[in-house]
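Working notes, beginning with the structure itself.
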Amino acid sequence: MNTIYPAGSIILAPLSGYTDLPYRRSARRFGCSYAFTEMIDACSLSYRNSKTNKMLDRGDDETWLGVQLVGGKADKIADAVEVLNDHDFDILDFNLGCPVAKVAKKNAGAALGATPDDAARVFSIVTARSRFPVTAKIRILDEDNPEPTLYLARLLEKAGAKAITVHGRIRSAFYSGPVHTTIIQAIRETVGIQVIANGGVMTAESYKSLKKESGCDCVMVARGAMGNPWLFRELTAGQDYLPPCGLDLAGEMRRHTLEMIEYYGETLAMKISRKVILDYLHGRGYHRAMKNNVSFLKNREDLLAFIQPLEDGPAGKLVVPDEFPFPERSMRPNP
Ligand SMILES: Cc1cc2nc3c(=O)[nH]c(=O)nc-3n(C[C@H](O)[C@H](O)[C@H](O)COP(=O)(O)O)c2cc1C
């Protein structure tokens with residue numbers, strides 16, 4: 001079988017609003033080799049929207065980068081693929097799994113994936129026009145019956161998919177609940193192309209279970225890496241893994257957010273870095289009052305003054321519930 005990713009690859013998922021160049025650079029510092037742009041809307045790309053064009057940036061230091069496209073209209077998709085062909089990517093992934101309303105109302109993402117014949121028809125437009133190998137990212141279509149998802153996977157393979165990433169949750173589950181690894185496994189056993197398992201990898205333990213239960217040797221990580229680029233090291237280092245200490249956490253936050261300022265300019269970076277800063281603090285025992293201060297950070301000086309005391313590590317073990325079901329993340333004391 002020709003594979004896109006070498007066995008054992010841990011791939012950083014496309015994350016809308018997150019996986020920009022500074023974000024990917026942060027993950028790469030901890031061992032991430034395979035990463036994606038944010039999901040790019042075919043309509044915006046076909047209109048040559050400048051904000052969308054920025055999402056196509058690739059750093060000179062990025063040895064491998066995939067681009068992810070989403071869309072529901074054949075003509076816009078065809079046009080968008082032509083735009084992408086003028087850029088430099090290693091693969092083009094087509095999104096058939098995004099559940100959010102903004103995407104669903106355009107009959108794209110998971111809404112398109114839910115009608116396999118339409119999805120395959122649109123997908124074949126992408127494979128016919130793309131100069132890059134094309135892959136698909138899907139969700140499972142039914143938790144109790146593998147057949148609809150197997151049907152979709154077979155059609156995508158026939159339409160030219162070189163690999164399929166399967167998020168083992170149905171559309172209405174969004175990002176919570178069990179990951180149906182047996183359905184991922186059934187897809188892997190059915191198609192002749194590489195299948196990448198996705199869903200619920202937050203720790204070395206969940207990584208091992210997903211690999212074992214799905215039978216896939218490559219996995220894609222998403223929320224587990226948000227504010228936690230150390231995950232890449234954790235998943236590969238085994239027993240030798242040392243979680244970050246306060247100094248490490250503050251150091252990486254500083255570097256990541258200063259790179260955002262350099263990349264976007266101070267005003268825009270301060271707006272979009274707030275969620276990134278909060279992710280670094282999630283699940284690590286930092287006090288809510290400290291998190292509340294993040295919304296008042298207005299400039300580079302505020303940011304640096306906020307980060308400095310984090311070097312000491314969390315003051316106590318007051319854990320507050322987080323937006324996503326992140327597990328508590330371990331920290332070690334400063335050396
Ligand atoms: C904030 C956020 C943004 C996401 N953006 C995208 C996206 O742009 N494209 C995509 O295919 N999936 C996207 N996803 C889904 C993830 O790639 C992944 O499939 C999902 O989170 C399940 O993996 P996890 O359980 O490891 O988080 C997003 C998820 C989150 C939480």
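Positions are given from 1, in the same order as the sequence printed here. Source: prediction; values computed, not measured. Atoms within each ligand, like the ligands themselves, are counted from 1 in listed order.
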Query raised in the report: Just which atoms of ligand 1 are under 4.0 Å from any heavy atom in Lys137?
Result: 10 (C), 11 (O), 12 (N), 15 (C), 16 (C), 17 (O), 18 (C), 19 (O)

Query raised in the report: Trp64 vs Tyr5 aromatic rings, parallel, tilted or perpendicular, using cut-offs 30° and 60°?
Result: tilted

Query raised in the report: Taking distance alone, with no angle check, do Arg169 and ligand 1 share an N/O pair under 3.5 Å?
Result: yes

**Report entry** Sub-3.5 Å N/O-N/O distance, Gly200 and ligand 1
**Finding:** yes

Report task. Give the ring-plane orientation class for Tyr175 versus His167, where under 30° counts as parallel, over 60° as perpendicular and anything between as tilted. Result -> parallel

Query - With sequence neighbours excluded, residues passing side chain to side chain donor-acceptor pair (under 3.5 Å) with Ser9 - result: none

Report task. State which residues pass salt bridge (Lys or Arg N to Asp or Glu O under 4.0 Å) with Arg171; sequence neighbours excluded, sorted by chain then number. Result -> none

Query raised in the report: For ligand 1, is any non-hydrogen atom under 4.0 Å from Asn198's backbone (N, CA, C, O), its side chain (CB onward), both, or neither?
Result: side chain

Query raised in the report: Is it true that Asp217 and Arg188 make a salt bridge, defined as a side-chain N closer than 4.0 Å to a carboxylate O?
Result: no

Report task. Start with the C-alpha gap between Lys54 and Asp20, add the side-chain angles, then the distance that decides, and say whether salt bridge (charged side-chain N to carboxylate O under 4.0 Å, His left out) holds. Result -> CA-CA 9 Å; Lys54 196 163 175 65; Asp20 56 13; over 6 Å; no

Query raised in the report: Given Arg223, Met226, Gln68, which has its nearest heavy atom closest to atom 9 (N) of ligand 1?
Result: Gln68

Report task. From atom 14 (N) of ligand 1, work out which of Ala222, Ala13, Ser16, Pro14 has a heavy atom at the shortest distance. Result -> Pro14

Query raised in the report: Strictly under 4.0 Å, does any heavy atom of Gly199 approach an atom of ligand 1?
Result: yes

Query raised in the report: Would you say Tyr18 touches ligand 1, if touching means a heavy atom closer than 4.0 Å?
Result: yes

